[in-house]
Student: 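What follows is a structure written as C-alpha cells; I'll ask about it next.
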Amino acid sequence: MAKTLDGKAVAKELREDLAKTLQTASVKPTLAVVFDPADDGSRLYVGMKQRAAAKVGIQTRDIAVAEDASTSDLAAVVAELNEDPAVHGILIQAPLPKNVDDAQVFAMVAPEKDVDGLGVTNQGRLFANEAGNYPVAATPKGVMTLLNHYNIDPRGKRAVVVGRSQLFGRPMAALLLNADATVTIAHRYTSKESLTALLLAADIVVVGVGIPNFIQADQIKAGAVVIDVGMNLVDGKACGDVAPAVAEKAAWLTPVPGGVGPMTIAILLESTLEAALEQEKAVE
Ligand SMILES: Nc1nc2c(c(=O)[nH]1)N[C@@H](CN(C=O)c1ccc(C(=O)N[C@@H](CCC(=O)O)C(=O)O)cc1)CN2
C-alpha cells in the first residue's frame, strides 16, 4: 500500500513558519487577487487563499473582474497594481472571463510582483534554470517541496508529467528537469498506448488533467511515486485524476483532498512574503 505524501500536514508546517516570520518582519505584505467571481472554482480557491493569507499575516485586496471584461480592460487593472507601491504581489486567478486571454494577462504582471511565477520573465528564468530567488508557479513548486520533505530525490529518475498547461505541466517539467530527472511531457495528443508505455517506465508520475480516474493502477510501475494534481468534483466530493486502486501499486501517493492543493496555497503565501521583502530591500 502506498505511503501518503501528506500535503495538508506539510503545508500547515510551512504556514506556521511563515506566520512566525511575519510576526517580526519589517513589512506587512499585500497580495492583490484578480479573479472572476462568476467562476465557482475561482470563488472557492480565492476564498481559501484569502483565509490562509489572513491567518499568517498577509493582507489581500480583491479585484473582481466583470463578466464582459476584455484583455485590454485587464491591462489597465494590472498596470495600476504594478505601479502601486502598497501592493507587493499580484495573483491572476485562472480562469478569467471568456473574452480575456489569461496568458497575456499573466505576462502583464511586473516580474517582481508576479508571485505566481506565471509571467514570461519568471517562466524564462525557470526554463533557463537561472540561479537565485524568483517566483515559480505555486502548484509545481508545491510538488517539489513535498518531494523534498519526504526525501524523494528526482535526480536520475524517469519522470512523466501528464498535462502541459502554463500553470502546471510546463513549469512542473522544468522543475523536474532542473532537479536532474529525465522528463517526458504527455498531453491530450499523446495516444493512450504511448501514455501507458511511458507511465509503466516512470519512477515519478505527476498528473494534472482534470479527468477523474484518468490514471489506472495497471498503467503504473510497482513502487512509483504518484502525484495527483487533479481537482475534480464528483457527486459534490473533491477527487483527483488518479484511480484509488493506484494506491495498491505505488510506493508514494498524494491524496485529494489534502495533497497538492494545500501546498499550492502555502507556496503562494511564501512567494508573497519573499516578494515583499525583496521590494522593501530595493527601496532602501
Ligand atoms: N493563478 C492561479 N490560478 C489557478 C491555480 C494557481 O495555482 N494559480 N490553481 C488552480 C486552483 N487552485 C489555486 O488557485 C487550487 C485548487 C485546489 C486547492 C485545494 O487546496 N484544494 C483542496 C480541496 C478543496 C475542496 O475540498 O474542494 C485540497 O486539495 O485539499 C488549492 C488551490 C486553478 N487556478
Side-chain angles (χ1 to χ4, degrees), residues 4-12 14-15 31-53 55 60 62-65 74 77-78 81 89-97 100-109 113-120 122-123 126 135-146 163 165-172 175 206-210 212 226-242 253-272 275:
T4 298
L5 294 160
D6 190 346
K8 193 174 168 190
V10 177
K12 183 167 177 273
L14 244 166
R15 292 195 310 269
L31 173 66
V33 183
V34 179
F35 75 108
D36 174 6
D39 185 273
D40 292 343
S42 292
R43 268 201 326 277
L44 172 72
Y45 304 136
V46 166
M48 289 164 69
K49 288 174 182 182
Q50 287 165 338
R51 285 190 294 280
K55 271 197 179 162
T60 51
D62 273 16
I63 294 105
V65 176
L74 264 295
V77 171
V78 174
L81 294 169
I90 303 171
L91 168 75
I92 309 294
Q93 181 69 31
L96 288 170
V100 180
D101 181 331
D102 291 7
Q104 278 193 42
V105 180
F106 297 153
M108 292 166 186
V109 177
K113 296 190 179 186
D114 174 25
V115 287
D116 233 2
L118 298 175
V120 286
N122 288 316
Q123 292 231 334
L126 174 65
V136 171
T139 296
K141 192 171 177 190
V143 170
M144 298 307 281
T145 306
L146 203 50
S165 65
Q166 202 172 344
L167 275 172
F168 156 64
R170 288 165 196 264
M172 186 74 251
L175 283 168
V206 195
V207 56
V209 294
V226 179
I227 313 281
D228 192 348
V229 177
M231 183 52 60
N232 311 297
L233 267 191
V234 174
D235 299 329
K237 280 177 74 180
C239 70
D241 294 344
V242 172
L253 179 63
T254 52
V256 178
V260 175
M263 293 301 296
T264 297
I265 294 181
I267 297 292
L268 170 73
L269 302 179
E270 183 183 69
S271 300
T272 303

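Remember, it's 1-based here, ligands and their atoms both numbered in the order they're listed. Along the sequence shown, residues are numbered consecutively beginning with 1.
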Student: How far is atom 11 (C) of ligand 1 from its nearest protein heavy atom, and which residue and atom name does that atom have?
Tutor: Y45 CD1, 3.4 Å

Student: Considering the heavy atoms of I92, write down every atom of ligand 1 situated less than 4.0 Å from one of them.
Tutor: 1 (N), 2 (C)

Student: Among all protein heavy atoms, pick out the one at the shortest distance from atom 14 (O) of ligand 1; state its residue, atom name and that distance to 0.1 Å.
Tutor: K49 NZ, 2.6 Å

Student: For atom 9 (N) of ligand 1, which protein heavy atom lies nearest, and how many Å away is it?
Tutor: T139 OG1, 4.4 Å

Student: So which protein heavy atom does atom 23 (C) of ligand 1 come closest to, and at what separation?
Tutor: P257 CB, 3.7 Å

Student: In ligand 1, which numbered atoms sit nearer than 4.0 Å to a non-hydrogen atom of L44?
Tutor: 27 (O)

Student: Would you indicate whether the side-chain heavy atoms of V136 and L175 approach each other to under 4.5 Å?
Tutor: yes

Student: Tell me which protein heavy atom sits closest to atom 33 (C) of ligand 1, plus the residue, atom name and distance to 0.1 Å.
Tutor: A94 O, 3.7 Å

Student: Side chain or backbone of L91 under 4.0 Å from ligand 1, or both, or neither, by non-hydrogen atoms?
Tutor: side chain

Student: Any idea which protein heavy atom is nearest atom 30 (O) of ligand 1, and the distance to it?
Tutor: G258 N, 2.7 Å

Student: Pick, from D102, D116, V260, the option with the minimum heavy-atom distance to atom 2 (C) of ligand 1.
Tutor: D116

Student: Would you check whether L167 has a nitrogen or oxygen atom less than 3.5 angstrom from a nitrogen or oxygen atom of ligand 1?
Tutor: no

Student: Would you say the side chain of V229 lies within less than 4.5 Å of the side chain of D241, judging by non-hydrogen atoms?
Tutor: no

Student: For atom 10 (C) of ligand 1, which of the options K237, M231, Q93, K8 provides the nearest non-hydrogen atom?
Tutor: Q93

Student: Short N/O distance, under 3.5 Å, between L118 and ligand 1?
Tutor: no

Student: Quick check: closest heavy atoms across I63 and A32, and the distance to 0.1 Å?
Tutor: CD1-CB, 3.9 Å

Student: Among all the protein's non-hydrogen atoms, which is closest to atom 26 (O) of ligand 1, and how far away is it?
Tutor: A238 CB, 3.8 Å

Student: Within a strict 4.5 Å, meaning less than it, do heavy atoms of the V78 and V105 side chains meet?
Tutor: yes

Student: Who pairs with K55 by salt bridge (Lys or Arg N to Asp or Glu O under 4.0 Å), at least two apart in sequence or on another chain?
Tutor: none

Student: Report the residues that fulfil side chain to side chain donor-acceptor pair (under 3.5 Å) with D40, sequence neighbours left out, ordered by chain and then residue number.
Tutor: R43

Student: Going by the order shown, which atoms of ligand 1 are within less than 4.0 Å of some heavy atom of P262?
Tutor: 20 (O), 28 (C), 29 (O), 30 (O)

Student: In the protein, what heavy atom is nearest to atom 7 (O) of ligand 1, and what distance, to one decimal place, separates them?
Tutor: T264 CG2, 3.6 Å

Student: Are any of the heavy atoms in I265 under 4.0 Å away from ligand 1?
Tutor: yes

Student: Determine, considering heavy atoms only, which of G261, G236, P140 sits nearest to atom 20 (O) of ligand 1.
Tutor: G261

